[in-house]
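Remarks on the structure that follows.
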Amino acid sequence: MFQIYCPYCEELREEEEFHPKGEAHIARPLDPEACSDEEWGDYLFFRDNPRGVHHELWVHAVGCRKFFNITRHTVSYEILETYRMGEQPTITAESVSGDLAGRESAATARQEGVRA
Amino acid sequence: MSQPNRLVRGGRIDRTRTLSFTFNGQAYQGHAGDTLASALLANGVDIVNRSFKYSRPRGIVAAGAEEPNAVVQLGASEAGQVPNVRATQQALFDGLSARSTNGWPNVQRDLMGLVGKLGGQFMPPGFYYKTFMAPASLWMTYEKYIRKSAGLGRSPAEADPDIYDHLHRHCDVLVIGAGPAGLTAALAAARSGARVILCDEQEELGGSLLDSRELLDDESASEWLATVVAELSGRHNVTLLPRTTANGYHDHNFVTLHERRTEHLAETAPLANGHRQVRSRLHRVRAGRVILATGTHERPLVYAGNDVPGNLLAGAVSTYIRRYGVVPGQKLVLSTSNDHAYRAALDWQEAGREVVAIVDAREAPDGELVDQARSRGIRVVTGSAVIEAKGEKRVTAARIARVDLDRFAVAGAVEELHCDTIASSGGYSPVIHLASHTGARPTWNDEILGFEPSLVKGVSATGGARGTYALPQVLADGAETGSQAAVACGYTAASVELPRVDAIREGQACALYQVPHEKPTLRAPKQFVDLQNDVTAAGIELATREGFESIEHVKRYTAMGFGTDQGKLGNINGMAIAARCLGRTIPEVGTTVFRPNYTPVTFGAIVGRHCGELFDPERYTALHQWHVEHGAEFEDVGQWKRPWYYPQRVAGKLETMHEAVARECRAVREAVGILDASTLGKIDIQGPDAREFLGRIYTNKWEKLAVGKCRYGLMCKDDGMVTDDGVTSCLADNHFVMTTTTGGAAAILEWLELWHQTEWPELDVTFTSVTDHWATMTITGPESRKLLAELTDIDLDRDSFKFMDWREGKVAGVPARVFRISFTGELTFEINVQAHYAMHVWKALFEHGEKYGLTPYGTETMHVLRAEKGFIIVGQDTDGSVTPEDLGMQWCVGYDKPFSWIGKRALTRSDTARENRKQLVGLKPKDKAVVLEEGAQIVLDPKHPVPVPMVGHVTSSYYSPTLDSGFALAVVKGGHQKLGETVYLPMADGQVHEAEIVSPIFVDPKGERQHV
Amino acid sequence: MSNVNIYDSRADAAIPAESPLAFSYHRSGAPAAGAASRVVLRERPFLGHLILRGGAIVLDEAVRDELGMNLPGRPQGLVLDASGERSIQWLSPDEWLLIVPGGEEFALEGRLRERLGDASFAIVNVSGGQTLLELEGDAVPELLMKSVIYDAHPQHFPVGKGVTTVFAKTTTILRRPDESRWELVIRRSFADYCYRWLLDAGEEYAIGVVAA
């Protein structure tokens, strides 16, 4: 059960108030008719599923009803930052790459610990 | 009745209060302050269960949550049955009734015990899989008997009379465990001003202080404990929760606590102040910082016969003596790898019973407790261990011998000591369960010979839970950890003066898990690792020989740690054995990861108040009471309760649904019907860009919709598939009201916001739900105009108030918006009023409607009427794979709109544009009496050999009173080109129905009736 | 913003109106409040509820002029006028809930629209769709702990705060207009569920209902 900082309500709120809406920063092509079937298919159906830093779109459904973005580590589930629509993340897979070695090893360790 | 093992003094029980209870039908007595386990031991009850696989007699081993054997079925009444209760954690109350969960026909004489005796070679690990695997069809039969003999407890067959609930709690610092470390941690955090919750799973706060030998500030530990508890309970910023187990540690410091509020009082919760009280409660805690002060579990030693009743943990022996005044036997042999366990022998001797010997695996133990034992004349045998316990239903002797730990071998002559109790201790494991719920793997620490928790953000461990064992250090560590947690939450550290403790110096422990036997492990008498699942050292050795190298695989193969105790006692011993067999170290073999819940949680607490009538919200319209009073049957549509049909009493007999629906349908087609349509989603849309927005979100055009006009719209997702539909009306140039399907209301509002907020924030438009503000009453049928005319000032003339127009005016004196739209194909007026007045308007319509035959109808009739017209219901006739073109609704698609609206591009993707997609058609059964089954598969050639290619399925199917025939809507591959063809619907019972593909519009194909 | 349909959906006082809890009082009754009641519930039905949408700066001036109170600009803000009869609550960065005595809402909407002129804003009357419940008594914080996931500890939820959050399995607006009183704004169609939930959860506090 996450606790999520809503950048509009400016406080930490319970996950039950939010809905996840998939990967963030998937822009709709400005000219859909100019897209090939393949390009349009990529836009519709293909998403990243990284192990590590991931940007996600969420909405504070039971709250301010605003959409915003979350940068989340998909292994530790740590939410690294949340930011408003139209803003860019300050933490990305690249930006944490120095720090990533540590994170990754912790991540790998968890991955291997199959639960009883 | 006597309690042969009860001491005349000592312990924290109240000897003035005697409580009666029964175990397996036999009456016993105990005292207030007892657990069921301590009372059973006081009464000399040795056998509490039969083991899972071998059906061997088992006795109480531990004194806490780690108990693997004394798992009982509680309850005198049927409704009060509770399975899976650890007798060591169940407080005794007067009238308590418990039974063994294993053992058939009973624990003393057990049929399956025979299997157990033959045991060994017949039931290796994987026994059930290997033996009962084939034939698969018989597994159900085997399972029934295996389960009956294994006995996992049973749930009550009657409804639970008790109530349960959840509390959503928030705090700065959650301290789990109220032993010495937890108490000083809570104290430090509380004094800083932080909001603190301190929980502990036991009946009393105090943890190890409850049976401690140490003096704090020159007084017994219980004096200091009382002072600290008094301070904490007096603080408004502290919540103390005894009898509360932290069962799950979830993401971001969300912890679930299970509080047993009345389980220590009676089988069902007694009234409090005349009100029912909650039996058990789940606290859903969100904490700023979590402190794990969960202490340790003692590890038993693994030796032959270590499961015979009378084998106990050394610490449990001390607990029973010091806390409950119970000595669980006459003659004790202690087998240990450490100093701390010596307490058991000292306590035993102080209780006036005989200590036969202390058998210490170390060559030269030299701690204070060792000296004390020696000076009291207790025989201490060094470099040795108990290698085998003798006895069947109770220990009769201990076989001890010198052991060579490096070579894992018995190194000397075996001596047999007569005794009835063997206490063992192989050291202590920090209780890391909660920390590992996060997925963080614990790390092995050679110094403490145990795993330490790995901690995620926001969590700390203190005291025994992180391998700090000496009391002075534990107290200090707790205070420091509590203080740091409070500071991390923004409070200023406060001082905590620690009590002076005359620490008992303890020597270094040695690593001992499995004790060698004269025979090799595979041939020695059984040495149990996991008592609950009957996993032996031999089983683990065999697993490693069969190629299971990862501890996770070994666990699955042997079922080690899979019981309700999750291997609290055995897992580390099992890993040590696997490590020995594989020639590796314990950390190399892997680690052990636990998952929630720490101990079983009753379903009541999980459900809380969300049961019965409050299981799920029921949404009502403003007219609900009228529907109830008029005998409506209700249908669930999402969370809404909608009238389904209104059965009438005809000649003393209530109509069937079929009769009621036929009557309601005829009323609409011939006179006038009324439907409560308030559940449709309604979204108020304002802004100069509202029209532009509609054009992008709907498939059809909106730029020319005039004020006063309504239009049907279809919505797709960007994959081109239909997702919702409804009528949107232009209230003013910059103002629209959109209707959505009943089920889609919330999702569509979110959908609109998604596009507005993420893609088109430049559009000046707002969306507000007005679903609940407006009540909607649909009057429909040829007489509807006449009826409405009696109640309204709106000009209803067919030329001034046309089909697909809306008007404002008063209906029955109430301001209303009336929409001339139709979902039945008949002349229809949808009357919208503020919901507070809906009942008034509805009743007024009935006052005037009687002479026109005004008939209320429900969703079933609505479905029939709309299907007769070929009007789709999104989600019934569509399933997320249907395009507007598949529905034959090209008339509702604005192909030439300038903006590439949501869904447009996908319509030309190869898969969406291909021929032979499933398309919406009507089906007319050849036999008019047949109503096809919704979901029935359609084939072109019923004689085709199996597998028969299926070309579609029925989406909606009803009997039509208007057609006097069954009829259906269906999707059929290439259906639009197949009008007039015959298809077949093979049914499960062997019948094959025949139907003709027809237009989906069955009634009034030209659509004239709605225009009248 | 002009070019919208402004419509007074409130009927004359002579027309009987039913609160969203009418059915609930009928079915579940209303346990009387007594000396032992540690929670007292009172419905305040038929108030005027308006949703205001737009930029804070634009709306603030109009609201101040018309109602004499400041638009709460900070998240979770709740402001009441001197009489306590009128309130404005922050719902989102561009959305506020205005609650006024029943009957005032239509005229107020007109006056606000007048003042706001061509600015970018929206006003929606939602009076028929929700109702306001007042809770008083020393057990209210605990009752709220049973019901809402939001932290309603007085330290975290001072007077003048209001949030939209999860209530049992539905949603509510939770507000604290003064030291002793809590308010729930609930949706009409969920009102019966909320009412039954409150009676059930409040039973151990001898919850009493003061009928509207």
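All values reported here derive from a predicted model rather than from experimental measurement. Below, all heavy atoms of this structure are taken into account, side chains as well, without hydrogens, waters or symmetry copies. Every chain is numbered from 1, with letters handed out A, B, ... down the list of sequences.
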If one checks every heavy atom of B/Val278 against chain C at 4.5 Å, the contacting part turns out to be side chain
In terms of heavy-atom pairs under 4.5 Å with chain B, the winner among C/Ala11, C/Gly129, C/Cys194, C/Ser189 is C/Ser189
The interface call for C/Ala14 against chain B, heavy-atom contacts under 4.5 Å, is neither
(message) Could you check whether any side-chain N or O of B/Thr771 sits under 3.5 Å from a backbone N or O of B/Lys682, counting only pairs where one atom can act as donor and the other as acceptor?
(response) yes
If you count the non-hydrogen atoms of other residues, nucleotides and ligands that lie under 6.0 Å from CD in C/Glu61, is the total more than 12? no
Looking only at B/Ala732, B/Ala835, B/Pro617, most heavy-atom pairs under 4.5 Å shared with chain C are made by B/Pro617
So, the part of B/Gln625 with a heavy atom under 4.5 Å from chain C: the answer is both
### Query
Is the backbone of B/Ala816 close enough, under 3.5 Å, to the side chain of C/Tyr7 for a donor and an acceptor to pair up by distance?
yes
Cut-off 4.5 Å, heavy atoms of chain C, and the answer for B/Glu613 is both
Bottom line for B/Val770: the part with an atom under 4.5 Å from chain C's heavy atoms is side chain
Greatest number of non-hydrogen atom pairs under 4.5 angstrom with chain B, of C/Glu204, C/His49, C/Glu203, C/Arg188, falls to C/Arg188
Per-residue tally against chain C (heavy atom, under 4.5 Å) across B/His166, B/Arg276, B/His275, B/Arg609 peaks at B/Arg609
Under 4.5 Å to a heavy atom of chain C? For B/Asn273 that would be neither
In terms of heavy-atom pairs under 4.5 Å with chain C, the winner among B/Arg169, B/His170, B/Glu618 is B/His170
- Task: Determine whether more than 12 heavy atoms belonging to other residues, nucleotides or ligands lie under 6.0 Å from atom CD1 of C/Ile57.
- Result: no
If one checks every heavy atom of B/Arg286 against chain C at 4.5 Å, the contacting part turns out to be neither
B/Asp772 with B/Arg619: basic N within carboxylate O range, under 4.0 Å
yes
When the 4.5 angstrom heavy-atom criterion is applied to C/Tyr150 and chain B, the contacting part is backbone
Check your understanding: In terms of ring plane angle, is the pair B/His624 and C/Phe23 parallel, tilted or perpendicular, where the classes change at 30° and 60°?
Key -> perpendicular
Whatever's closer than 4.5 Å to a heavy atom in chain C on B/Asp733 counts as both
Applying a strict 4.5 Å limit to non-hydrogen atoms, the region of C/Glu95 in contact with chain B is neither
Most heavy-atom pairs under 4.5 Å with chain B, out of C/Val148, C/Ile51, C/Asp94, C/Leu144, belong to C/Val148
Applying a strict 4.5 Å limit to non-hydrogen atoms, the region of B/Arg195 in contact with chain C is side chain
Looking only at C/Ala17, C/Ala22, C/Pro20, C/Ala152, the option with the highest number of non-hydrogen pairs under 4.5 Å against chain B is C/Ala17
Applying a strict 4.5 Å limit to non-hydrogen atoms, the region of B/Phe615 in contact with chain C is both
When the ring planes of B/Trp626 and B/His630 are compared, do they come out parallel, tilted or perpendicular, using 30° and 60° as the limits?
parallel
Chain B shares the most heavy-atom pairs under 4.5 Å, among C/Asp12, C/Thr131, C/Asn125, C/Thr170, with C/Asn125
Determine yes or no for a side-chain-to-main-chain donor-acceptor pair under 3.5 angstrom, with C/Ser9 supplying the side chain and B/Gln834 the backbone. no
If one checks every heavy atom of C/Arg53 against chain B at 4.5 Å, the contacting part turns out to be side chain
ask   = Any idea how C/Tyr25 and C/Tyr195 line up, ring-wise: parallel (<30°), tilted (30 to 60°), or perpendicular (>60°)?
value = perpendicular
Ranking C/Glu142, C/Gln155, C/Gln130 by heavy-atom pairs under 4.5 Å to chain B gives rank one to C/Gln155
Can you tell whether the side chains of B/Asp793 and B/Lys810 come within less than 4.0 Å, N to carboxylate O?
no
Okay, B/Ala812 and chain C: the region with an atom under 4.5 Å from a heavy atom over there is backbone
query: Do other residues, nucleotides or ligands put more than 12 heavy atoms under 6.0 Å from the CG atom of C/Asp138?
result: yes
message: Looking at C/Arg111 and C/Glu109, is there a salt bridge between them, counting it only when a charged N and a carboxylate O are closer than 4.0 Å?
response: no
So, the part of B/Ser769 with a heavy atom under 4.5 Å from chain C: the answer is both
**Prompt:** Hey, are C/Glu183 and C/Arg176 close enough for a salt bridge, meaning a charged N less than 4.0 Å from a carboxylate O?
**Reply:** no
Original post:
Is any NZ, NE, NH1 or NH2 atom of the basic residue among C/Asp192 and C/Arg27 found under 4.0 Å from an Asp or Glu carboxylate oxygen of the other?
Top reply: yes
If one checks every heavy atom of C/Ala36 against chain B at 4.5 Å, the contacting part turns out to be neither
Using a cut-off of 6.0 Å, state whether more than 12 heavy atoms not belonging to B/Glu762 lie near its atom CD. yes
